[in-house]
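Down below is the structure, laid out as structure tokens.
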Number of protein chains: 2
Amino acid sequence: MRKRKGAGRPTIADVAKKAEVSTITVSRTLRDPAKVSTALRERIEAAIAALDYVPHSHASALASSRSNIVGVIVPSLTNNVFADTLRAIYDEVDPSPLQVQLGNSRYVAAEEERLIRIFLGQRPSALIVAGGDQTKAARAMLENADCPVVQIMEVDPDPVDMMVGFSHYEGGRAAGMHLVQQGYRRIGFIGARMDPRSRRRMEGFAEGLRTAGRHDPDLFMITTQSSSMTLGAELMGQLRARRPDLDAVFCNNDDMALGALFGCQHAGISVPDEIGIIGFNDLEMMAAACPSLTSIRTDRYEIGRTAVDMIRAALEGERPDQKVVDLGFELQARQSTARKARR
Amino acid sequence: MRKRKGAGRPTIADVAKKAEVSTITVSRTLRDPAKVSTALRERIEAAIAALDYVPHSHASALASSRSNIVGVIVPSLTNNVFADTLRAIYDEVDPSPLQVQLGNSRYVAAEEERLIRIFLGQRPSALIVAGGDQTKAARAMLENADCPVVQIMEVDPDPVDMMVGFSHYEGGRAAGMHLVQQGYRRIGFIGARMDPRSRRRMEGFAEGLRTAGRHDPDLFMITTQSSSMTLGAELMGQLRARRPDLDAVFCNNDDMALGALFGCQHAGISVPDEIGIIGFNDLEMMAAACPSLTSIRTDRYEIGRTAVDMIRAALEGERPDQKVVDLGFELQARQSTARKARR
DNA sequence: TTGTACGCGTTATCAC
DNA sequence: GTGATAACGCGTACAA
């Protein structure tokens with residue numbers, strides 16, 4: 001005999017035999033119970049329980065050429081910004097038959113391309129990727145993917161398919177205008193990592209300052225190192241050493257901003273009176289800090305929720321109201337940029 | 001004819017036809033190129049490239065009853081503690097053919113059980129789950145899973161299969177002893193979420209205090225709310241209101257500790273002189289804060305790395321040196337518990 | 001509402 | 001070293 005031994009686990013056929021029905025009836029009971037008579041359904045459900053039967057998802061995917069997999073590719077697992085969005089995606093996907101397949105591109109475009117290729121090998125139901133800065137090959141693969149694709153965290157007039165996020169450029173610009181309005185004059189920028197989104201924030205910020213005649217490129221300090229609080233403190237120190245007249249900074253994210261605050265505190269510099277600080281994203285810690293820190297609030301959870309919603313709608317054949325959803329942002333002004341009147 | 005139309009993507013058969021070989025040879029070229037002659041291999045590789053062929057992972061999983069999937073179940077996606085471990089897992093798994101399937105149990109045991117069931121449906125190559133507090137049914141499923149299982153973040157004499165982590169009880173005890181040694185006398189505890197691991201930390205902490213005759217249950221304040229900096233500040237305020245004589249607290253994690261520090265700062269209370277604060281995990285922010293915060297350092301990245309290593313070894317048939325690996329912890333004493341001598 | 005027959009794309013088995 | 005053929009477990013198409 002040439003029989004192969006499967007993993008040994010019970011199959012749909014075992015269930016069918018035990019319940020004295022055909023396999024297709026078991027299959028239907030699993031996927032669309034309403035199509036099966038109550039009597040049979042109960043017998044089948046009992047058999048499933050008795051055998052501890054677990055459907056084989058790969059066999060199902062192969063037979064139906066649908067995988068129920070939603071591929072999600074983010075550039076970082078430790079960045080809280082993505083953590084909130086991921087949580088939303090998992091929360092939304094969980095009650096449905098869909099499953100998340102998560103990839104970490106580590107802010108490397110080539111790695112993102114590799115992950116897209118791998119995920120495509122699973123014939124996913126949908127794909128969610130961060131941002132709009134894919135390699136040419138990656139973009140081509142996404143455009144040819146025969147499934148809905150949602151780009152998140154940004155808005156762009158030319159999405160692969162759908163998009164939900166906000167304008168980083170405008171967020172940065174709002175930060176710049178805020179500092180000017182608060183009376184700061186020698187306004188700098190501290191940026192780590194400087195991925196494309198951080199870069200757009202910086203550009204918007206520069207534009208905001210330029211409009212007010214307050215743009216001084218010498219006060220901008222960036223690095224490609226990953227962002228961290230320690231690095232925020234360090235860059236703050238370096239920038240002050242170079243330009244002691246500095247009186248405010250926009251940090252490209254909240255970790256950098258809180259680190260910059262700690263740096264000032266260790267150095268005995270008063271925030272906001274000597275230096276104003278504003279961050280980006282408004283993580284929970286910003287409101288808790290002492291002094292509380294001004295930031296640009298973005299709704300990361302809602303981005304994830306909306307992305308899954310768009311996917312679900314697309315899978316159900318609905319046409320979305322809009323291909324690109326701009327969730328905006330909101331400046332949260334707090335103590336760290338509220339300095340007393342200049343004497 | 002009753003032919004079905006696949007998704008339209010090229011299959012291994014298309015590659016075989018183009019290269020004028022049989023499908024099995026293509027399959028071998030993909031999985032074990034050494035078993036195929038150079039001439040054929042080159043022809044096949046050219047055909048793969050020409051057709052942009054991507055292997056269908058579900059078909060492969062079905063035929064081989066091996067899936068290359070490593071299921072990972074953690075209780076939280078936003079908790080930085082797991083973020084570091086996840087990053088390590090992804091880093092380790094990425095260069096191998098293995099793929100991560102991530103589940104979020106949200107600190108709900110029943111949800112964890114559900115995820116284990118789903119993951120088992122994918123016939124995973126291995127499973128990684130957080131902790132050792134599964135439901136009875138979940139534990140049974142894990143024990144019957146015919147794949148390596150690694151429980152992470154804890155150590156326990158009775159693992160399902162393998163385990164890597166550290167003792168939360170001992171970590172808590174070390175925190176207690178440290179506060180006593182630093183001269184604090186009315187020592188409290190602030191705890192949020194209070195999942196089983198937090199609970200063990202608290203128990204170890206209480207034991208540490210008890211040994212020194214400093215255990216006062218009235219100074220322990222816990223809640224089931226999720227931990228956050230805001231909550232840390234809040235509980236700190238409540239505890240001080242109830243017991244103004246409080247002079248030190250152990251917070252069940254670093255977020256709570258930093259929040260407690262912020263709370264003190266907003267209230268004008270000096271840390272460490274009036275109140276000492278110690279956290280748990282030693283996230284990067286602890287060293288950066290002002291004052292820097294004492295914490296119990298745990299090597300979360302190494303936990304993830306080790307877990308994947310153990311899996312790889314098990315899949316290659318090696319017998320591990322030890323089923324349970326204790327990575328330990330290290331107390332990082334900093335400013336927040338270094339008060340000046342009592343006058 | 002339920003069942004029969006076959007195909008999904010790949011790999012294990014056995015033969016050459 | 002290479003190939004023919006039969007599984008792998010399930011879903012679709014069609015029939016009853």
Side-chain angles (χ1 to χ4, degrees), chain A residues 1-44 48 51 53-68 97 120-123 125 146, chain B residues 1-44 47-48 51 53-69 97 120-123 125 146:
Chain A
M1 219 33 168
R2 243 165 164 244
K3 198 116 183 218
R4 268 200 259 176
K5 57 145 203 189
R9 296 195 62 98
T11 72
I12 206 168
D14 298 325
V15 176
K17 187 154 45 165
K18 184 163 185 96
E20 299 179 307
V21 297
S22 72
T23 60
I24 187 63
T25 309
V26 178
S27 176
R28 279 198 270 257
T29 305
L30 257 22
R31 284 171 303 137
D32 197 352
K35 290 198 158 184
V36 177
S37 65
T38 317
L40 285 193
R41 188 169 62 227
E42 282 171 357
R43 241 165 56 211
I44 291 170
I48 288 176
L51 295 173
Y53 165 73
V54 179
H56 192 302
S57 62
H58 299 292
S60 164
L62 179 58
S64 64
S65 49
R66 274 183 292 98
S67 72
N68 281 343
L120 252 20
Q122 311 198 26
R123 310 298 189 269
S125 284
D146 50 354
Chain B
M1 213 43 163
R2 240 151 160 263
K3 200 119 183 210
R4 271 198 260 172
K5 59 144 199 187
R9 293 194 66 96
T11 73
I12 207 168
D14 298 324
V15 176
K17 185 152 47 162
K18 185 165 185 96
E20 298 180 307
V21 296
S22 72
T23 59
I24 189 66
T25 308
V26 177
S27 176
R28 279 198 270 258
T29 305
L30 256 23
R31 283 172 301 140
D32 196 354
K35 289 198 160 184
V36 178
S37 67
T38 317
L40 284 194
R41 188 169 60 227
E42 283 172 358
R43 242 166 55 211
I44 291 169
I48 288 176
L51 295 174
Y53 165 73
V54 179
H56 193 301
S57 60
H58 300 292
S60 167
L62 177 59
S64 64
S65 49
R66 274 181 291 97
S67 73
N68 282 343
I69 289 180
L120 253 20
Q122 312 198 26
R123 309 299 188 267
S125 283
D146 49 354

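Every chain is numbered from 1, with letters handed out A, B, ... down the list of sequences.
- Within the 4.0 Å cut-off from OP1 or OP2 of dT2(D), not a single side-chain nitrogen or oxygen of S22(B) is found.
- H56(B) contributes atom NE2, which lies 5.5 Å from atom CG of L62(A) (distance to the nearest 0.5 angstrom).
- Counting to the nearest Å, the C1' atom of dA7(D) and the CG atom of L62(B) are 9 Å from each other.
- Nucleotide dT2(C) holds its C1' atom 15 Å from the CZ atom of R41(A), rounded to whole Å.
- In this structure the side chain of H58(A) reaches within 4.5 angstrom of the side chain of I69(B), judged on heavy atoms.
- With contacts defined as side-chain heavy-atom distances shorter than 4.5 Å, the pair S27(A)/I12(A) qualifies.
- In this structure, the CD atom of Q122(B) is 16 Å from the P atom of dG9(D), given to the nearest Å.
- If you take CG of D14(A) and P of dC8(D), they are 11 Å apart, rounded to a whole angstrom.
- When the nucleotides dT10(C), dG3(D), dC10(D) are ranked by their closest atom to the side chain of T11(A), dC10(D) comes out on top.
- Rounded to the nearest 0.5 angstrom, E20(A) CD and L40(A) CG are separated by 10.5 Å.
- Regarding contacts with the backbone of dC10(D), every side-chain N or O of R123(B) stays at 4.0 angstrom or more from both OP1 and OP2.
- Distances shorter than 4.0 Å separate none of the side-chain N or O atoms of S64(B) from OP1 or OP2 on dT10(C).
- OP1 and OP2 of dC8(C) both lie 4.0 Å or more from every side-chain N or O belonging to S65(A).
- At the heavy-atom level, R66(B) lies under 4.0 Å from the strands shown only through sugar-phosphate atoms.
- Within the 3.5 Å criterion, the main-chain N or O of P33(B) finds a donor-acceptor partner in the side chain of R41(B).
- The interatomic distance linking H56(B) (NE2) with dG7(C) (C1') rounds to 13 Å, in whole Å.
- Between T25(A) and dG3(C), a side-chain N or O to OP1/OP2 separation shorter than 4.0 Å is present.
- No donor-acceptor contact under 3.5 angstrom links the side chains of S60(A) and S57(A), judged on distance only.
- Taken residue by residue, residues 28-40 of chain A places heavy atoms nearer than 4.0 Å to DNA chain D at R31(A).
- In this structure, Y53(B) and I44(B) have side chains that are not in contact, with every pair of non-hydrogen atoms separated by 4.5 Å or more.
- The side chain of I24(B) sits closest to dT13(C) out of dT13(C), dT10(C), dG9(D).
- As rounded to whole Å, 14 Å separates atom P of dT2(C) from atom CD of E20(A).
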